[in-house]
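Data block below; observations after.
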Amino acid sequence: MYKALIDDIFSDSEDTEETTFPATDEDLLILTEKFLGFEIPSKVFLQAIAIADYDGAAAFRYVDNYLITLKIKNKRKQKKLLVLGCSTRFDNN
């Protein structure tokens, strides 16, 4: 009996399957609100909804990762614009 308890405690977590749940209507609303304020392709939005149909948590990870990547790209563009703006000085002599 003790051996069975020890085996249960030290069993590999890879053997257990994760249970996934589809997103609820409220979850879909929250996902949609996360995209507000960003220009995103409709393909990305529809992909997030399709993922949410099977796994709500994965859909949130997808949206968060996409938005983080988008914010990083926007910061790089802003830095390039600032460099270009500072490098063009003309003298009015």
Side-chain angles (χ1 to χ4, degrees):
M1 180 172 172
Y2 293 114
K3 183 173 176 24
L5 289 174
I6 291 172
D7 288 341
D8 285 343
I9 292 171
F10 293 108
S11 66
D12 290 336
S13 61
E14 294 176 5
D15 294 338
T16 59
E17 294 182 21
E18 291 185 25
T19 305
T20 60
F21 298 101
T24 63
D25 290 342
E26 186 177 331
D27 292 337
L28 292 175
L29 181 62
I30 293 169
L31 279 175
T32 304
E33 288 175 348
K34 282 184 168 246
F35 280 128
L36 291 176
F38 296 98
E39 290 185 29
I40 60 163
S42 59
K43 180 179 162 182
V44 172
F45 177 74
L46 294 175
Q47 181 68 30
I49 299 301
I51 293 170
D53 192 33
Y54 296 99
D55 187 356
F60 277 96
R61 287 191 302 271
Y62 175 78
V63 170
D64 289 339
N65 288 335
Y66 182 83
L67 292 178
I68 288 169
T69 304
L70 188 64
K71 287 176 185 178
I72 291 170
K73 285 182 181 180
N74 286 341
K75 282 185 181 180
R76 287 182 184 161
K77 284 181 183 178
Q78 288 175 354
K79 285 182 182 178
K80 287 180 184 178
L81 290 174
L82 289 175
V83 170
L84 291 174
C86 293
S87 64
T88 56
R89 294 185 182 183
F90 296 104
D91 291 334
N92 291 331
N93 290 346

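Source: prediction; values computed, not measured. Residue numbers count from 1 along this sequence.
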## Note on the structure
Hits for side chain to side chain contact (heavy atoms under 4.5 Å, CB included) against Thr32, two or more places apart or cross-chain, chain-then-number order -> Phe45
### Task
Quick one: which residue pairs count as a salt bridge (Lys or Arg N to Asp or Glu O under 4.0 Å) with a foot in residues 45-68, not counting sequence neighbours?
Lys34-Asp64
#### Entry: Which residues share a side chain to side chain contact (heavy atoms under 4.5 Å, CB included) with Asp27, sequence neighbours left out
Ala23, Thr24, Phe60
### Query
Transitive ILVMFWY cluster of Tyr54 at side-chain heavy atoms under 4.5 Å: who else is in it?
none
Could you list the donor-acceptor pairs under 3.5 angstrom formed between side-chain atoms of residues 36-43 and any protein atom two or more places apart in sequence or on another chain?
none

### Message
Can you tell me if Asp25 has over 12 outside heavy atoms packed within less than 6.0 Å of its CG?
### Response
no
### Query
Hey, any chance Leu28 and Phe21 share a hydrophobic cluster, counting ILVMFWY side chains that come within less than 4.5 Å of each other, even indirectly?
no
#### Entry: Side-chain cluster (under 4.5 Å, hydrophobic types only) that Ile72 belongs to, other residues
Ile68
#### Entry: Closest contact, heavy atoms only, Phe35 versus Ala48
CE1-CB, 4.2 Å
## Note on the structure
dist Ile51:CD1 -> Leu46:CG (nearest 0.5 Å) comes out at 11.0 Å
### Spacing of OH belonging to Tyr62 relative to CD1 belonging to Ile49, to within rounding of 0.5 Å
10.5 Å
### Query
Are there more than 12 heavy atoms of other residues, nucleotides or ligands under 6.0 Å from atom CD of Glu26?
no
